[in-house]
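Note on naming: letters A, B, ... go to the chains in the order of the sequence lines (proteins, then strands), and numbering restarts at 1 for each one.
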There are 2 protein chains.
Amino acid sequence: MAEGEFERSVSQTMKAQLALRELILSGALRQGERLSELAVVERLGVSRTPVRMALVRLEEEGLLEAIPSGGFAVKAFSESDIDDAIEIRGALEGLAARFAAERGVARGRLAELKDCLAEIDALKGLSDGSEESFSDYVRLNARFHALLHALADSPALMRQIERACALPFASPSGFVQAQARLPQSRFILVLAQDQHRCLVEAIENREGERADALAREHARLARRNLRLAFRDPSALDLVAGAALIKRPGRH
Amino acid sequence: MAEGEFERSVSQTMKAQLALRELILSGALRQGERLSELAVVERLGVSRTPVRMALVRLEEEGLLEAIPSGGFAVKAFSESDIDDAIEIRGALEGLAARFAAERGVARGRLAELKDCLAEIDALKGLSDGSEESFSDYVRLNARFHALLHALADSPALMRQIERACALPFASPSGFVQAQARLPQSRFILVLAQDQHRCLVEAIENREGERADALAREHARLARRNLRLAFRDPSALDLVAGAALIKRPGRH
DNA sequence: TTCACCCGTTATGTATACAGGAGGAATACA
DNA sequence: TGTATTCCTCCTGTATACATAACGGGTGAA
């Protein structure tokens with residue numbers, strides 16, 4: 001399939017889902033705002049049926065909530081909602097790491113993980129704050145976590161993890177972009193990479209409990225980044241879905 | 001709303017969802033079977049739109065899987081899929097118990113849990129195997145777990161737990177019905193109730209790690225019940241959704 | 001006999017029409 | 001002026017019609 005054909009070949013439902021998700025995460029739709037189907041139809045140029053489909057899926061995804069009297073509204077998240085979502089991801093990634101450690105994994109797959117670590121180590125520009133290094137880091141970090149999730153070799157767990165990561169600020173990549181703007185959180189990158197290394201080591205040594213604990217603690221780095229980002233609004237705006245966060249200070 | 005009006009007042013989508021779920025769990029639709037929308041329309045008497053809605057929701061629920069070329073098929077689960085689903089529930093309930101323990105809960109809500117325990121203790125007929133005692137136990141056990149989930153006071157976690165319990169054999173009540181038929185698994189009831197008590201105690205004493213470990217181990221009782229039920233087909237048929245389980249023995 | 005291709009049937013994806021109901025504005029009354 | 005009521009508008013839920021793509025049967029050739 002050629003690149004240019006993508007927009008035409010993909011289903012209208014998928015198009016609506018992607019476009020709506022983008023509108024929600026970018027903050028184009030305000031939190032709590034009710035989504036009129038007709039308005040979305042006009043905005044996206046697809047008919048009501050695929051729009052409805054997309055709305056249902058985005059509700060399951062957690063970005064929308066059903067209004068009792070019918071229809072959907074953009075969800076809003078408090079700081080403790082985010083904390084919990086991160087903790088949930090930690091618990092699930094912890095379980096994945098534990099599965100990998102206790103059940104064992106093929107040598108080749110562990111090598112992939114180690115390659116990923118080495119590539120991150122090779123990113124020398126990170127501490128200089130260059131933009132391209134950071135986007136590389138974002139990509140590699142996402143890949144590391146994807147490999148880790150797959151390592152558990154459990155479709156059910158994979159499903160639940162994907163669900164947990166659907167909330168952008170709960171995903172492993174959620175706050176990484178913001179870190180580029182926060183000098184204080186550069187240090188966290190070093191911690192994160194060391195945790196990555198320890199995690200792989202724990203899995204290799206089949207230390208399930210240790211792998212679990214490390215994965216949980218690793219997820220909690222996202223909470224620290226969140227705290228730092230709250231102090232620096234320009235960084236917070238780099239977080240995907242920041243518009244969904246309920247902030248007491250703002251009206 | 002009067003009882004009799006239920007069928008008329010509820011939306012067609014909900015009707016279709018409930019009816020389809022029942023058809024799937026009861027085994028009226030075979031695992032792997034593709035669901036033709038038109039066939040469902042004829043069977044349920046509602047039009048394609050609500051049927052499609054229900055199909056999408058049941059896919060998100062995990063009972064159906066999307067076929068790449070379009071449409072949906074009834075999902076099938078291997079023994080290890082079920083094991084994993086139970087372990088995932090354990091991890092999430094463990095997190096809920098940990099939240100409750102570490103963050104503390106109001107005295108009144110703990111009292112509700114204790115009342116529930118006392119009611120289970122009061123079921124004298126359990127060891128005799130009387131049917132009505134068992135259905136009472138099923139109800140009380142479900143209530144205990146619902147109270148426990150709510151104790152964490154975390155909407156995000158509640159959501160994930162509900163999702164995990166959507167698979168009937170992963171839910172806390174999944175194998176309880178089957179236990180009535182299995183003399184060997186009666187003993188498990190005693191263990192379960194003791195774990196319930198220890199769990200409440202741990203939460204009360206704010207022992208987060210202990211509460212977590214207990215909840216996980218408690219979930220694993222479901223695995224033991226599954227193993228026992230596999231040996232006794234008449235008990236396995238009492239498990240909701242047993243028809244979805246892939247069994248190497250059966251063709 | 002087996003494989004490949006073609007064509008008809010059927011199912012899904014999409015669009016749209018219609019009905020019932022919720023929500024808001026305007027008006028009448030206290 | 002405040003409140004209740006009524007009416008109107010818009011929206012959602014549902015049904016159905018249409019187009020396109022998939023699946024299977026059948027026929028032909030190797």
Short heteroatom pairs, N/O only, protein and nucleotides 4-8 of chain C, under 3.5 Å:
none

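- Computed from coordinates, the A/L35 CG to D/dT12 C1' distance equals 13 Å when rounded to whole Å.
- Scanning for ring pair (Phe, Tyr, Trp, His ring centres under 6.0 Å) contacts around B/F144 gives B/H196, with sequence neighbours left out.
- For B/F175, the ring pair (Phe, Tyr, Trp, His ring centres under 6.0 Å) test picks out no residue, with sequence neighbours left out.
- Across the protein-nucleic acid pair, A/E37 atom CD and D/dT9 atom P stand 21 Å apart, rounded to whole Å.
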What does nucleotides 14-24 of chain D look like as a protein-contact string, B for base, S for sugar-phosphate only, - for none, at under 4.0 angstrom between heavy atoms?
BBBB-----S-
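- End-to-end axis angle of the helix from C/dT1-D/dA30 to C/dA30-D/dT1, from C1' rotation axes over five pairs per end: 10° (rounded to 10 degrees).
- Residues passing the ring pair (Phe, Tyr, Trp, His ring centres under 6.0 Å) test with B/F72, sequence neighbours excluded: none.
- In this structure A/A39 satisfies the side-chain contact (heavy atoms from CB on, under 4.5 Å) test together with A/S36, sequence neighbours excluded.
- Not a single side chain to side chain donor-acceptor pair (under 3.5 Å) links B/Q160 to another residue, sequence neighbours left out.
- Between A/M53 atom CE and D/dG13 atom P there is a gap of 14 Å when expressed in whole angstrom units.
- Atoms CG (A/L38) and P (D/dC10) sit 10 Å apart, rounded to a whole Å.
- For B/D81 and A/R159, the salt-bridge test fails: no basic side-chain N is under 4.0 Å from an acidic carboxylate O.
- Applying the salt bridge (Lys or Arg N to Asp or Glu O under 4.0 Å) criterion to A/E59, with sequence neighbours excluded, gives B/R57.
- Note on A/L55: nothing from the nucleic acid sits closer than 4.0 angstrom, heavy atoms only.
- Scored by the side-chain contact (heavy atoms from CB on, under 4.5 Å) test, A/L147 finds A/E112, A/L113, A/C116, A/R143 as partners (sequence neighbours excluded).
- Salt bridge status for A/E60 with A/R163: absent, with no side-chain N to carboxylate O gap under 4.0 Å.
- Residues meeting the ring pair (Phe, Tyr, Trp, His ring centres under 6.0 Å) test with B/F99, sequence neighbours left out: none.
- Here salt bridge (charged side-chain N to carboxylate O under 4.0 Å, His left out) pairs that include residues 87-99 of chain B, with residues two or more places apart or in two chains, are B/E87-B/R220, B/E87-B/R223, B/R89-B/E93, B/R98-B/E102, B/R98-B/E209, B/R98-B/D212.
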